[in-house]
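Structure first, commentary second.
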Amino acid sequence: MTIRLLGVCGSMRANSYSSRLAAIVLAAAREHGAETRLIELNALDLPTYNPDSGSMDHAGLRAVTEAVNWADTFLLASPDYHGSMSGAMKNFLDFYWDEFAGKLFGYVCASHEKGLTVMEHMRTSVRQCYGWSLPYGVSVYGEQDFDSSGQLVSKIADRVRMLARDLVVYGALIRGQFQADLADGITETFAARYSS
Ligand SMILES: Cc1cc2nc3c(=O)[nH]c(=O)nc-3n(C[C@H](O)[C@H](O)[C@H](O)COP(=O)(O)O)c2cc1C
């Protein structure tokens, strides 16, 4: 299958390091045959999620929902804010849950402290929605890990290529099996609860 990979960037900052990192991962994933799209949340001005309002009367929200349903696999990119994801990223996640089930997620982060808790918090949210996660992520200390020409230093670039490859390969396996489980009507799998 051609894997459809959606990158979602949660920085409001122009020229954000986490967004730049996400774009590099997506480019590497295309080399492995993925179709990719990128959502920059700073361009969409999404409303704050409100469970009392089921309204889709917002062009940005409709576009994001269409992209979420299109995606087989996700790459979430966030700045490190107080050791966690940005509010924009969390707000994006709050709009969806069963759309994430049976799909693989990878994580990148811009942080001065490796961003482990940031990626762990995104991983927890995704797990709560029955999404799968790669067991590692990639973080950049933007001011140090991009050189003056905007290239990633080689140590990080190697991890980016690994992340892109694993998202494509494991993403296709997990999505393919989830869809097969749905089609076969197997009851003793978590996919069964999404079959109606
Ligand atoms: C409100 C705020 C909180 C931050 N908290 C942290 C933090 O807890 N740890 C850290 O390493 N960096 C922290 N930073 C620095 C950002 O993570 C860093 O500048 C990062 O490059 C921003 O990502 P971006 O370039 O994608 O916007 C914080 C920055 C802001 C604006």
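Counting convention: from 1, in listed order, for ligands and their atoms alike.
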Nearest to atom 2 (C) of ligand 1, what protein heavy atom do you find, and at what distance? Tyr81 CD2, 3.5 Å
Under 3.5 Å between some N or O of ligand 1 and some N or O of Asp80? yes
Closest approach of any protein heavy atom to atom 22 (C) of ligand 1, naming residue and atom: Pro79 CB, 3.6 Å
With respect to atom 9 (N) of ligand 1, which of His112, Lys114, Met12, Glu113 exhibits the smallest heavy-atom separation? Glu113
Kindly compute the distance separating CH2 (Trp70) from CG (Leu5), expressed to the nearest 0.5 Å. 7.0 Å
Does the N or O separation between Glu143 and ligand 1 drop below 3.5 Å for any pair? no
Check each heavy atom of Ser11 against ligand 1 and say whether those closer than 4.0 Å belong to the side chain, the backbone, both or neither. side chain
Flag yes if more than 12 heavy atoms outside Asp57 fall under 6.0 Å of its CG atom; otherwise flag no. no
Is there a ring pair (Phe, Tyr, Trp, His ring centres under 6.0 Å) between Phe100 and Phe105? Walk through the geometry before answering. CA-CA 9 Å; Phe100 294 155; Phe105 286 68; 5.2 Å; yes
Counting only heavy atoms, which portion of His82 has something under 4.0 Å from ligand 1: side chain, backbone, both, or neither? both
Arg13 heavy atoms within 4.0 Å reach ligand 1 at atoms 24 (P), 25 (O), 27 (O)
Rounded at 0.5 Å granularity, tell me how far NE2 in His121 sits from OG in Ser84. 5.0 Å
Please report whether ligand 1 has a polar contact with Gly83, defined as an N or O pair separated by less than 3.5 Å (distance criterion only). yes
If you define the side chain from C-beta out and look only at heavy atoms, does anything of Met85 sit under 4.5 Å from Met119? no
Contact with ligand 1 for Gly142, non-hydrogen, under 4.0 angstrom: no
Would you check the N or O atoms of Ser19, main chain and side chain alike, for any that come under 3.5 Å of an N or O of ligand 1? no
Option nearest atom 26 (O) of ligand 1 (shortest heavy-atom distance, choices Gly10, Ser18, Cys9, Ala77): Ser18
Any salt bridge between Arg37 and Glu66, counting N to O under 4.0 Å? yes
For residues Met89 and Leu76, report the shortest heavy-atom separation together with the two atoms involved. CE-CB, 4.0 Å
So, for Gly60 and Leu46, which heavy atoms are closest and what is the spacing to 0.1 Å? C-CD2, 3.7 Å
